[in-house]
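Numbered from 1 within each chain, the chains take letters A, B, ... in sequence-line order. Everything numeric here is computed off the predicted structure, so don't read it as measured data.
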Amino acid sequence: MLQPNFIKENKERVLEGLKKRNFTDAHLLDEIIDLDQRRKDIQSESDHLQSSVNKSSKEIGMLFKQGKKDEASVIQEQVKTWKAKITELNTEADDVKTRLQDALLNVPNVPHPSVPAGNTDEDNEVYQAWEKPFPTLHDGKKPHWELMEEYDIIDLKLGVKVTGAGFPVYKGKGAKLQRALISYFLDKADEAGYLEYIPPHMVNEASARGTGQLPDKEGQMYHATQDDLYLIPTAEVPITNIYRDVILKEDDFPVKMTGYTPCFRREAGSYGAHVRGLNRVHQFDKVEIVRVEHPDKSYAALEEMIKHVGGLLDELGLPYRILRLCGGDLGFTSALTFDFETYSAAQERWLEVSSVSNFETFQSNRLKLRFKDKDNKKHLAHTLNGSALALPRIMATILENYQTPDGIIIPEVLRPYTRFDKID
RNA sequence: GGAGGAGUGGCAGAGCGGUUGAAUGCACCGGUCUUGAAAACCGGCAUACUCGAGAGGGUAUCGGGGGUUCGAAUCCCUCCUCCUCCGCCA
């Protein structure tokens with residue numbers, strides 16, 4: 001969420017930036033500026049009256065002590081009229097604040113200058129292409145959903161029986177490979193200096209609001225209504241919220257956190273042939289990296305995160321490319337996002353396996369995540385996060401790219417974790 | 001789930017309708033003293049919003065929200081959290 005003052009002081013810049021994501025509602029920005037001004041005016045008027053009330057109340061106290069009841073009751077009458085006016089102002093203030101909040105929630109983050117304009121994923125910029133050849137597979141190559149069944153390692157039908165569509169059951173070597181990937185990713189994050197967390201897998205409303213899942217993506221989360229808790233769609237939510245309402249010191253930076261969690265997404269409205277197998281599921285595993293940074297350092301941090309994710313894919317030996325998302329494809333809360341896609345050689349498609357973003361102050365404003373500078377002045381910190389990595393499509397790509405007529409070869413780096421080198 | 005008790009500043013802990021944003025102690029920061037340190041002494045030390053060029057001012061905040069009152073940390077309602085006991089349980 002942007003700050004009204006920021007919008008007011010940078011209106012042209014904000015509007016110019018938002019054009020890249022097809023947001024052209026200058027009227028909404030004006031409304032925000034007006035509502036914020038009105039909010040201040042009401043506040044100011046109400047404060048003045050309250051000040052008079054407070055003074056008079058003290059006076060009444062004194063008069064009572066002195067036994068001057070008559071004088072006191074005269075003032076009491078006056079105070080009552082002030083109070084009525086204050087009540088009136090507060091009612092208006094509530095209304096103005098609600099409208100201001102609603103308006104602010106409809107303004108997406110301002111894209112970074114490097115974000116290309118565009119509407120769809122067609123307009124994303126290839127930031128780093130794959131220069132080497134793709135794996136060449138044998139003639140009997142199969143997509144991962146067939147391999148899963150053939151080797152009996154991931155069972156979607158069983159998931160349907162136990163839960164429903166999109167809840168895969170991992171079995172035997174499939175389960176072990178999954179666990180190996182999680183351990184490998186966590187170990188790499190640990191080596192890179194990220195502090196490991198195992199956060200709750202459900203969050204309250206305040207947390208879902210803090211990272212922007214609410215109210216923007218209400219329908220995408222599973223909601224346990226009886227306790228009003230949400231199943232997390234990503235570890236970003238509980239982990240980033242660790243720093244909600246926190247004021248850091250400058251030398252607390254950088255804050256680097258990681259965590260493995262299952263992720264739950266309703267994926268309402270997604271369907272079609274391209275979501276077969278593991279391409280899109282309701283529950284999946286992911287290792288996330290999250291950072292809280294000084295505004296001057298956040299883009300260097302983003303760079304570092306891109307290298308980290310790229311390093312994982314290099315070690316796994318998976319072909320990948322990096323995209324800089326265009327304005328239209330950029331998430332509501334993000335200023336700059338890079339997507340990683342691996343090439344799945346049997347499907348002959350690119351699959352998104354990671355998304356690394358800088359939210360600048362958009363999240364921290366909602367989170368009230370700030371730091372004090374040397375002069376003790378408070379500023380909003382920058383937050384970033386990235387998948388490192390999301391498991392299902394990595395699994396899919398490994399199964400497809402490493403298939404041979406005799407089985408699926410396990411990438412070298414995972415063997416210490418799997419303790420087998422082939423699925424057959 | 002049932003019955004009790006409790007939530008006050010960074011921590012500890014007073015206050016229980018009227019100069020209380022809140023005593024006191026500890027911690028912290030600055031100063032005096034000291035060759036240096038400690039001790040002692042003096043001073044400072046919350047957050048948010050807002051007005052002001054600034055100095056500074058106003059308002060709100062004693063777990064959250066609502067209410068009573070001219071006035072609430074103090075009374076009432078409600079929610080949350082923690083502690084003790086009972087029940088259930090991985």
Under 3.5 Å: donor-acceptor pair, side chain of N365(A), backbone of M1(A)
yes
Q50(A) atom CD is separated from U59(B) atom C1', nearest whole Å, by 7 Å
Does a side chain donor of either S207(A) or N204(A) reach within less than 3.5 Å of an acceptor in the other side chain?
yes
Pairing check on U34(B): which nucleotide meets the Watson-Crick or G-U wobble criteria with it, both distances under 3.5 Å?
none
Residue matched to U47(B) through Watson-Crick or wobble contacts both under 3.5 angstrom
A60(B)
Can you check the distance between C45(B) and C11(B), where both ends of the measurement are the C1' atom (answer in whole Å)?
14 Å
Using a heavy-atom cut-off of under 4.0 Å over every strand shown, decide if I60(A) touches base, sugar-phosphate, or nothing.
base
Quantified in whole Å, what is the C1' atom distance between nucleotide G71(B) and nucleotide U59(B)?
16 Å
Watson-Crick or G-U wobble partner of G15(B), both distances under 3.5 Å:
U8(B)
Describe the nucleic acid contact of S56(A) in one word from base, sugar-phosphate, nothing, applying a heavy-atom distance below 4.0 Å.
nothing
Expressed in angstrom and rounded to an integer, what is the separation of L63(A) atom CG from U19(B) atom C1'?
14 Å
Does the pair K188(A)/E191(A) count as a salt bridge with the N-to-O cut at 4.0 Å?
yes
How long is the line joining CD1 of I86(A) and C1' of A60(B), in whole Å?
12 Å
Considering only the C1' atoms, how many Å lie between C62(B) and A46(B), rounded to the nearest integer?
12 Å
Walking RNA chain B from its 5' end, the first of M62(A) and S46(A) to be reached, judged by nearest nucleotide, is M62(A)
Using a strict 4.0 Å threshold on nitrogen-to-oxygen distance, state whether K40(A) and D36(A) make a salt bridge.
yes
Run through E293(A), E360(A), E304(A) and flag the one making a side-chain hydrogen bond (donor to acceptor under 3.5 Å, both in side chains) with Y299(A).
E360(A)
What's the CG-C1' distance between D94(A) and G65(B), to the nearest Å?
13 Å
Round to a whole Å and report the spacing from NE2 of H48(A) to P of G58(B).
10 Å
In whole Å, what is the span from the CG atom of D227(A) to the C1' atom of U81(B)?
15 Å
Pi-cation contact, Y151(A) with K173(A) (under 6.0 Å, within 45°):
no
To the nearest angstrom, how far is W82(A) atom CH2 from U69(B) atom P?
19 Å
Please determine, for A3(B), whether a Watson-Crick or G-U wobble partner exists with both distances under 3.5 Å, and give it or none.
U84(B)
The Watson-Crick or G-U wobble partner of A39(B), with both key distances under 3.5 Å, is none
P-based separation of G25(B) from G43(B) [nearest Å]
12 Å
N106(A) side chain to D102(A) main-chain N or O, any donor-acceptor pair under 3.5 Å?
yes
C88(B) and U20(B), which share atom name C1', separated by this distance in whole Å
47 Å
Side-chain donor or acceptor of S387(A) paired with backbone N/O of S355(A) under 3.5 Å:
yes
For the residue pair F332(A) and F362(A), categorise the inter-ring angle as parallel (less than 30°), tilted (30 to 60°) or perpendicular (more than 60°).
perpendicular
Measuring only the P atom in each nucleotide, how far is U47(B) from G9(B)? A whole number of Å is fine.
14 Å
Length of the line joining I75(A):CD1 and G18(B):P, which is rounded to integer Å:
18 Å
Would you indicate, yes or no, if U59(B) has its OP1 or OP2 atom less than 4.0 angstrom from a side-chain nitrogen or oxygen of N54(A)?
yes
Could you tell me how far G10(B) sits from C28(B) if I compare only their C1' atoms? Round to whole Å.
9 Å
Encode nucleotides 46-52 of chain B as B, S and - characters from 5' to 3', where the letter depends on protein heavy atoms closer than 4.0 Å: B to the base, S only to sugar-phosphate, - to neither.
-SSSSS-
Does a side-chain N or O of S57(A) approach OP1 or OP2 of G18(B) to a distance below 4.0 Å, or not?
no
Can you tell me the base-pairing partner of A27(B)? Count Watson-Crick or G-U wobble geometry only, both distances below 3.5 Å, and say none if there is no partner.
none
Taking atom C1' in both C80(B) and G66(B), what distance in whole Å separates the two?
14 Å
